[in-house]
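Working notes for the structure below.
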Amino acid sequence: MNDNRERIQQLRIDYAQHTLLEKDAPASPVVFFNHWFTEALNADVNEPNAMVLSTVNAEHKPSARVVLLRNFSDDGFVFYTNYNSRKGAEISENPFAALTFFWPELERQVRIEGKLEMQSAAESDEYFNSRPEGSKLGAWASPQSQVIESRETLDELIEHMTNMFAGKTPERPEWWGGYILKPERIEFWQGRPSRLHDRLQYAYENGTWVMKRLAP
């Protein structure tokens, strides 16, 4: 453990790929996000749509996990999950949440804060129907976030659902669907030398986006 502590303290990466200046930032943070996301795709970033979803329960205790962005627009940022999972329970207790993207290949981070709302059943159905067969069966089989006895238990649940839906197309279970995070604050972070990073924050104020620079 002591060796790792010393190695951790010695880890140093000096970011110097890009700069982030106000004159280059679009008025819309969603347009800005689309630009950076496209660059992440073109840079072959590993799973550029992976994002940390942070939630807080009714006792004000936070938890975080990686989920996948499945759509975004001016309306917000969309992901899908089991409504009965831990994240689903926390969202029902406190709908305010945060998303964090980190693209180390580009030395960039994006932080998004806002309020979560359930997507409509029709929107969730449309996405569920586009999923691979195995993913559909997994949504039915997994009691997400609940304690299970073993891996064999999960395998048995998958086998049961495979047999139950044999010759049929699984429909979306009522406990599974989408959330959309309506952004209220979006921050773009560009790594710079000597930890003097560029940070531009957009805050939604009185019906418009206001951009300000933050100290690193």
Side-chain angles (χ1 to χ4, degrees), residues 30 33 37 40 45-73 75-104 109-165 170-187 189 204:
V30 178
F33 181 86
F37 191 79
V45 168
N46 185 38
E47 291 203 285
N49 61 328
M51 58 188 185
V52 176
L53 166 66
S54 301
T55 53
V56 178
N57 65 16
E59 299 175 347
H60 309 295
K61 295 180 179 179
S63 63
R65 75 291 288 163
V66 176
V67 299
L68 297 178
L69 177 71
R70 286 307 183 192
N71 194 13
F72 69 90
S73 67
D75 292 331
F77 297 78
V78 177
F79 65 93
Y80 294 85
T81 190
N82 186 319
Y83 294 141
N84 296 328
S85 65
R86 179 179 175 182
K87 70 177 82 65
E90 292 181 349
I91 291 167
S92 68
E93 295 169 351
N94 181 351
F96 292 95
L99 306 173
T100 306
F101 294 85
F102 181 51
W103 300 314
Q109 176 181 244
V110 181
R111 300 169 58 196
I112 305 169
E113 301 170 15
K115 186 176 181 179
L116 286 164
E117 298 178 3
M118 278 188 180
Q119 278 198 312
S120 69
E123 290 171 312
S124 291
D125 285 343
E126 181 179 4
Y127 176 71
F128 187 82
N129 292 336
S130 73
R131 303 182 89 207
E133 194 76 3
S135 297
K136 293 176 183 177
L137 293 173
W140 276 94
S142 175
Q144 193 175 108
S145 300
Q146 297 181 28
V147 175
I148 57 176
E149 185 175 342
S150 64
R151 176 70 200 194
E152 287 72 23
T153 301
L154 184 60
D155 293 339
E156 289 170 3
L157 289 168
I158 289 289
E159 182 178 3
H160 172 71
M161 291 301 170
T162 300
N163 293 333
M164 188 175 80
F165 286 106
E171 296 182 353
R172 178 181 64 88
E174 63 181 12
W175 61 82
W176 191 98
Y179 288 100
I180 181 167
L181 186 138
K182 305 279 190 174
E184 299 173 357
R185 189 182 306 270
I186 302 179
E187 180 191 318
W189 178 100
Y204 198 64

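For the single chain, residues carry numbers from 1 onward in sequence order. This one's a predicted model, so the numbers in the text were calculated from it and none came from an experiment.
- A 6.0 Å sphere centred on CD of Glu184 holds more than 12 heavy atoms belonging to other residues, nucleotides or ligands.
- The two residues Pro62 and His60 have their closest heavy-atom pair at CD-O, 3.7 Å.
- Under the side-chain hydrogen bond (donor to acceptor under 3.5 Å, both in side chains) criterion, Glu123 pairs with Ser120, sequence neighbours left out.
- With rounding to the nearest 0.5 angstrom, the CG atom of Asp75 is 4.5 Å from the NZ atom of Lys182.
- Checked by atom type and distance alone, the side chain of Ser54 never pairs as donor or acceptor with a backbone atom of Ala64 at under 3.5 Å.
- One distance of note links CZ of Phe96 with CD of Glu90; it measures 15.5 Å at 0.5 Å rounding.
- The two residues Thr81 and Gln144 come nearest to each other via the heavy atoms OG1-OE1, 3.2 Å.
- Atom CG in Leu181 sits 4.5 Å away from atom CG in Leu116 (nearest 0.5 Å).
- Taking the six-membered ring where the residue is Trp, Phe101 and Trp103 present tilted rings, their angle falling between 30° and 60°.
- Every residue meeting the side-chain contact (heavy atoms from CB on, under 4.5 Å) condition with Leu154, not counting sequence neighbours, appears here in chain and number order: Ser142, Ile148, Arg151.
- For Tyr83, the ring pair (Phe, Tyr, Trp, His ring centres under 6.0 Å) criterion is met by Tyr179, not counting sequence neighbours.
- The heavy-atom pair separating Met51 from Val78 by the smallest distance is CE-O, 4.4 Å.
- Relative ring orientation between Phe72 and Phe77 is described as parallel, the plane-to-plane angle staying below 30° on a 0-90° scale split at 30° and 60°.
- Smallest separation of non-hydrogen atoms from Ala50 and Val66: CB-CG1, 4.0 Å.
- For the pair Trp140 (side chain) and Glu171 (backbone), a donor-acceptor distance under 3.5 Å is present.
- Contact detail for Gly138 and Ile158: the closest heavy-atom pair is CA-CD1, 4.0 Å.
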request  = Kindly determine whether Tyr204 and Ile186 satisfy side-chain contact (heavy atoms from CB on, under 4.5 Å), including the steps that lead there.
outcome  = CA-CA 9 Å; Tyr204 198 64; Ile186 302 179; over 6 Å; no

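- Of the inter-residue distances, the one linking Met118 atom CE with Ile180 atom CD1 reads 14.0 Å to the nearest 0.5 angstrom.
- Judged as a salt bridge (charged side-chain N to carboxylate O under 4.0 Å, His left out), the pairs with a partner in residues 125-136 (not counting sequence neighbours) are, in order, Asp125-Arg172.
- Of all non-hydrogen atoms in Pro183 and Gly76, the two that sit nearest each other are CD-CA, 3.8 Å.
- Not counting sequence neighbours, the partners of Tyr127 by the ring pair (Phe, Tyr, Trp, His ring centres under 6.0 Å) test are Tyr80.
- Among residues two or more places apart in sequence or in another chain, the ring pair (Phe, Tyr, Trp, His ring centres under 6.0 Å) test is passed with Phe102 by none.
- Taken from CD in Glu113 to OG1 in Thr100, the straight-line distance is 8.5 Å, to the nearest 0.5 Å.
- The OG atom of Ser85 sits 7.5 Å away from atom CZ of Arg65, with the distance rounded to the nearest 0.5 Å.
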